[in-house]
Each structure stands twice: as structure tokens, then as C-alpha cells.
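Structure record follows, encoded as C-alpha cells.
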Number of protein chains: 4
Amino acid sequence: MLARVSSAPTFRRLPRAVREQQMLDAAVKVFSRRGFHAASMDEIAEDAGISKPMVYAYLGTKEELFVACLHREGTRMMHAIAGAAAPDLPADVRLWRGLRAFFGFVGAHRDGWAVLYRQARGEQPFAGELAAMRARLVEVVAGMLDHALRTEGRQVGETDLEVVAYALVGATESLADWLADHPEADPEKTATRMMNVAWQGAAQLLHGETWRPPAV
Amino acid sequence: MLARVSSAPTFRRLPRAVREQQMLDAAVKVFSRRGFHAASMDEIAEDAGISKPMVYAYLGTKEELFVACLHREGTRMMHAIAGAAAPDLPADVRLWRGLRAFFGFVGAHRDGWAVLYRQARGEQPFAGELAAMRARLVEVVAGMLDHALRTEGRQVGETDLEVVAYALVGATESLADWLADHPEADPEKTATRMMNVAWQGAAQLLHGETWRPPAV
Amino acid sequence: MLARVSSAPTFRRLPRAVREQQMLDAAVKVFSRRGFHAASMDEIAEDAGISKPMVYAYLGTKEELFVACLHREGTRMMHAIAGAAAPDLPADVRLWRGLRAFFGFVGAHRDGWAVLYRQARGEQPFAGELAAMRARLVEVVAGMLDHALRTEGRQVGETDLEVVAYALVGATESLADWLADHPEADPEKTATRMMNVAWQGAAQLLHGETWRPPAV
Amino acid sequence: MLARVSSAPTFRRLPRAVREQQMLDAAVKVFSRRGFHAASMDEIAEDAGISKPMVYAYLGTKEELFVACLHREGTRMMHAIAGAAAPDLPADVRLWRGLRAFFGFVGAHRDGWAVLYRQARGEQPFAGELAAMRARLVEVVAGMLDHALRTEGRQVGETDLEVVAYALVGATESLADWLADHPEADPEKTATRMMNVAWQGAAQLLHGETWRPPAV
DNA sequence: TATGAATGAGGCTTCATTCAT
DNA sequence: AATGAATGAAGCCTCATTCAT
């Protein structure tokens, strides 16, 4: 009987950290392609090249897995932004760099982050995770606006600030969606457009030029 | 477990149109509360006080039912807006009235429209339906901007227009979400805030004050 | 083309009440044969000649199904006993008739009740249901003892009564197990034996002949 | 989800006998708390502070492990009883001491033996093991009764003896259950009560006072 | 000796959808 | 017109058990 030739390095039995990343890669891919509900744990496991029980052992429930995806991708995005927009720069520069980094990230992960994020908005169980992420963003943006306002010697109610920040974040998310749907679009150009809308609008507010509803 | 329920003495043999509205009411309610996937045809039928086969006979598949909901609620909203913002008014007045009507509608259907809409964004099968609705909105907004621009003797590339309109619509949707989540918030005030962001930003654009990325 | 001959009465589409009994019959059979855990819903459904979803629709979870079995069989047994031991008879006659009815029932359902009951004692989720049933029995027995004692002009502490009743019930259950495992054994004879142990022991107690631990 | 735990700095490389006892301790604990099926090898291994393959290497299959638990605890109990009830004592003294030792043991291992035993009664695979243990007990009790009968110059059929012994053992088990469920109860008092029921009842039988079913 | 990595198999449960009355 | 009865299909999750280091 011929000796069994040792098979080429098939890379079985990898350490946990590696497998976890493989799983998350697969999960992001499948969740993005199919959506949370239509995605099946079977497909994710198969795509990760591993058996289902391992996915459960390492990353838990389908929901927990989705949250883990959100977490990893969200953290990556946050890092990309934070690395670009240092807190000691002037507000407009920070905003611009932040936006550019954001759209750059989204553009580079067109089938990862943006789609994932879009899925999450509609599914109740992820409200918490998402709210936290968006809250961090809103807070940052509101902080920038507030800082700029104070520099101009002005001040605005907290709710006003929050709502405006919310609108800006919403507009940005909306453009991110748009970008994800238009593979040929240029992230930087999109960032510029958003900057135009955002900054010009905000600039007016900063200068006290408030629009008021006409007397009906 | 299917409980044995004594059938309620409801009115049988209603005309089809009435029954359909009852079903849609129930469907909107259940879809909003549970989300598309978590909603079950059983619950919808029960909530409508009717048997499942009737739902299928009248409104088809679960997906078709959801689309029907989207359709009815979307149409109602469009009517509300269109009725408020006559096309012969000046752009700013139209925008204001449109926004006010929109947020008024969302505020009045906090658990209907906004939630439904949010659900739909994440589910692939409804991309088409939603894209159509948003496209109509974007088109209207872009038209308003374009009209105003031309009045000023200026003109902007089509993509630019679309993207800005997209941003405005996105910001508005975002605030609609916020409104849906804050039952105590005042729709009119929210509309005012949105108007501030939108109009001030747009106004700058209209006057040619474009922000440009700094030379890196 | 030949007309399709109407198939012989295959008895599809039976009313709910009938199907429920069929399911319970199958469930009792399978649970008894395999034990709660080893029993599979698949086998139960197949044995009942129906699809699994119907079982869930009518009788709920596996646990709920088991409880339903316990309930039905327990109730039947209680009826058998109650019908035999009228409350206006003297205590010894009641006890005798009750025991005879009990062992008769167990003997007639050797693969139903006794086995089911035995399964239930070990599984945590059914503690409640079982405790309730046994409590009813213990209460009845204790009542009989108490009644007899009072007739003799004597009285015993409540805990004493409960514990003695518990012991009698335990002995009875034990013999029921024995009977279930010995298909050839005669229920009536077993009842007589149990009566001997129980009544003679109780009789002594009734006459105040208490055993006391010797001085160590 | 398998949490990433830094391995505790336990003592490695213990002698086999020690490790086995650790495992059995853990197994008894987990089986008692969860029941045979709900107990997982994972939890047992973790509770024993050891990896799963070791459990399999030392004690085999889950079933074998359970049997090993039953064995160890049962043997301990038997020793406790045997040590207390020397075979050369009079029957009543033996019975009393045996019962006292038994309930003392159960009381001292409320969450070990009694619960384990209760689990085992319902699970088919352990019928054999349990039957053996109970048979030994029944035999001992029957022997005592027989011995006492012969002392009185009387004799009873073997089945009669077995059944009566079975009833006594059943009553005792039942009270053991009761004791396990009532942490505040006093084992010695429980033993006294059982002795009353058992001995009084048996005593009558020994004296030939047999109860007979009335001619119906 | 000791363990982290890995999986085959199988069970429970749910749901959209349709049939027969 | 209307519904109770019925199911095929599929998904999540868990677990006992073993391999390779």
C-alpha cells in the first residue's frame, strides 16, 4: 500500500483569532448580499469554510454575529474618520476631512459597511447598537457646530443643535446610500457636495441668519 | 399554540373595498410594530378580524401586501404634500409648506408611515418600490432648486442637483425618523428646523457661493 | 379522460377535537416508549398520522404537549378513583376501593399512565404539574386518615399527617411502578397487598400505638 | 458562545485518582442541578476545571459518566447504611438504624444523591443500574421481614414478601424525595415517621393480622 | 498528559401558503 | 364568499464526541 502523501497545507486548525476574522468576513459578505433575515447561518459558515457549530462557538447567535459585524466595521470606520480629522483643527477643516474620510471609507467598502448599516436601520433588535453609533457621530458633529458657534460668540439651544446635527448626519447617510448604489461615483466629489450643503447651511446659522416661518 | 377562540360576532359579507381597507389597516399596524419579517400573516389576519385565505385572495402574497401598504400610505402622504405646496408658489414657500405638510403627516402617523418606510429601506425586495417613491420626491425637490436657480440666472449640473436634492431628502427622512422616535416633539418645529438647514444651505448655492475643497 | 374515482374515505380533514385526541394518543405512546427527551416530535406526528405543524398548532410546544398528556391521563385516573370511592363511605372501604380502582387503572394502562408518570418525576419542568396532582392525592389520603382519627377521638399534627400520607402515596406509586413492570401481575392482588401495608400501619397509628426511637 | 477565558492557574498533572474524583464531584453537581439531559459535558468539564477530552479519557461517555456518579453515590449510601445496621441485631433495631442512617445520608446530600436518584428513575438507559441497587435494598428488607417472620414461626409467599418490601422501599424513597425538597426538615424525625408507618404495618403482618378484601 | 479546534447529526419550531368544505 | 384544516420547507441552535497538536 502506498504511503499516504501528506496533503498540501490545507490550513485546517487555525487559531481562534484568525477563524473569527474569516467568519466575520464571510458574515459581512453574506449579510450585505442577502439582508439579515434572508442570510442563513449555513451560507455564512460555508462561505467561511468552516462548520456551523464553530460560528456559534466563537461568535454566538445570528443576532450577536450581526452585531459583531456592525461593531467591527463601525469601529474601522470610526478609526478612519478619527485618524483624518484631528480635534485641534478648525471646525471647517475637521468637517471636510471627516466627510472625505467617511465617504472614502464607504466608497472603499461599498458592499460592506453601507449595506450592513442600511440593513440594521430597519431591524428592531439592532436599534441599540445603531443608536449608540449614530449618537457618537451626532455628538461629534454637534460639538463641532457648538464650538464654531461659541467662537462666533453665539449659542443655540441643545435640542436645536441636536436636531441640526441629526439632519446633517441624515443627509450624510443618505448620500452614503447613494454612493453605495452608484459604483461609478467618486467618493471625494460626493464629499465635496455634502460639504457644500452642510457647511453653507451651517455657516448661515452660525452667522445668526435664521429662517423663520412666514406669518400664515 | 392556536387557541380555540369562539368566533366573534363580527359583520360578515362586507363589500370587497371595505375588507381591503381593514386588511391594510391591520397590515400597516402589524408591519410597523414587528417589522416585515417578524410580522406573521396569522397576526395580520387575526388583527383584521378575517381568515388568512381571504387576505391571500384579496391582496396576494406577503410581499405584495407589504407593497400595498407602502403604496397606500405613500400615496396618502404625497397627497398631503401636494395639497399643501401648489406648484405656482415661489420656491421657498413651496418648500416650507411641503416640509410642514410632510412632518405634519409623519407626526400624525408616527407608528404608521415612518416605521413602514424605515422597514422598507433595508429589505431588498422593496428597493424598487421605494426607489420610485424617493425618486419622485427627489425630482420634485430638484425641480424646485432648478427653478429657483434659473430665476437667479444660474444653472447647475444635473448630477449636482440630484445629489443635493438627495441630501436634502435624506436629511428630511432622518428628521422624520427622529420625529417618529420622539412622540412629544412638535412636527411644525421640526419642519422649521429642517427648513433652516435646507434653505439656508440651498440659498447659498443659489447665490453662487460654492464651497471648494482647500488645496491639500 | 376517465373521471377520477373519488378515493375511499381516507378521513383527511378531521375536526380539531378528534385530531387532538389522536395526537395525544400518539404522544402518550411515544413518550412512554422513549421517554420525554428521547421522544421526537417527528415520531409523534408521524404516529398520529399528521404533519408536525398541526401538532404545534393544536397542542403547542413539546413541553406543553407532555403536560397535556399528563393532564389527560391524570384526569382520567382521578375520575376512575373518584367514581369508585364515594366520600360518604367509611374510611377503610374508601381506601380499599380507591386503591383497587387505582391499581386497576394502572394495570389497564400499563404503558400509558405509569410510564408517563415515572418520566415526569425526573424532569424539572414538570415539577409543578406533578406536585399539583400528587398534592391532591396526598390531601385526599390525609383527609381520610384525619377523618378516621377523629372518629376514634384522636388527633395528630398536620405535618405528621402529611408525611404519613406522603409515605402511603409513595408506597403506592412504587407498587404502581412494579405493576407496570410486571405485565403478568394482577392489579387486584397488588391492591390487596398495598391495603395490607397501608391499613395495618395506619390502623396502629389510629389506635395510638406509636413507635418511638429507643434510647440510644 | 464560548467566551475567551484566560486559563486559570490550577494545578496541572494531578494523579489520575484525584482527577477522577474532581470530575465525579462536578458531574454529580451538574447532573443534580440540571438533570441528565439538560446537563452538558461542557459544563461538567468546566466545573471540574478540566478539558472535555480528559473527561472522555477518564470516565467515558456521558451515560457512563452518569452511571459512575450513580455508582459512587450509591455505594457511599450503602456503606453508610451497612455500617449502621449490623446484621446480628434484632430486626426492628436493624430497621430503625438503617432508616436513620439512610435519611441521615439523604439529608446530608440533599442536592446529590436524592436528586440523582430521582433523575435516574425516569431515564431508560439507567434502568439496569437502578434496578440492581433497588433489588439489593429490597432483598435486604425482605430478608429482615422474613427473618422476623420465621422467628414468629410464620412464613409468607415470596412474591408477597417482595411486594411488601417494595412498598416499604417505595415509601422510603418517597419520603427521601420529600426530605430533599424540604431543606429545613429533620432527617431523624423523618426516619421516625417512616419507622412508624413501616414497622407498625409490618408488625401486624408478622402477627398474622392480614386484611382481606370484603366480599363485594 | 492535556487541550483548543472542529464537526455530523439531529431536534425544535415557525411560517407562508393552499386545499377542501 | 369564507374558513378551518393541513403541510413542505427551511432555519436556528445545541451537543456528544473526536482529532491533531
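Chain identifiers are assigned alphabetically (A, B, ...) following the order of the sequence lines, protein sequences preceding nucleic acid strands; residue numbering begins at 1 within each chain. Here the structure is a predicted model, which is why all the values come from computation and not from measurement.
- Side-chain proximity of B/Pro53 to the nucleotides F/dG4, E/dT14, E/dT7 is greatest for F/dG4.
- Counting distance only, with no hydrogens placed and no angle test, the side-chain atoms of D/Lys52 and the base atoms of F/dT17 include a donor-acceptor pair under 3.5 Å.
- Taking for each of B/Ser40 and A/Tyr58 the nucleotide of DNA chain E with the nearest heavy atom, the 5'-most of the two is the partner of A/Tyr58.
- Side-chain contact of C/Gln124 with D/Arg34: a donor-acceptor pair under 3.5 Å is absent, judged by distance alone.
- Searching all strands for a Watson-Crick or G-U wobble partner of F/dT17 with both distances below 3.5 Å returns E/dA6.
- Distances from the side chain of D/Tyr56 to the nucleotides F/dT18, E/dA2, F/dC15 place F/dT18 closest.
- Two residues, B/Ser51 and D/Asp42, neighbour DNA chain F, and the one matched to the more 5' nucleotide by heavy-atom proximity is B/Ser51.
- Residue D/Arg19 places its side chain closer to E/dA2 than to any other of E/dA16, E/dA2, E/dC12.
- Remark: the C/His71 side chain and the C/Glu129 side chain contain an N/O donor-acceptor pair separated by less than 3.5 Å.
- Stacking of B/Lys62 on the aromatic ring of B/Phe31 is not recorded, the 6.0 Å distance cut-off and the 45° axial limit not both being met.
- For B/Met54, the side-chain atoms get nearest to F/dT3 when compared with the rest of E/dT7, F/dA6, F/dT3.
- As judged by a 4.0 angstrom heavy-atom cut-off over every strand, A/Met41 is placed among residues touching the sugar-phosphate backbone only.
- A 6.0 Å sphere centred on NZ of A/Lys29 holds no more than 12 heavy atoms belonging to other residues, nucleotides or ligands.
- Residue D/Ala39 is classed as a sugar-phosphate contact, given heavy-atom separations below 4.0 Å to backbone atoms only.
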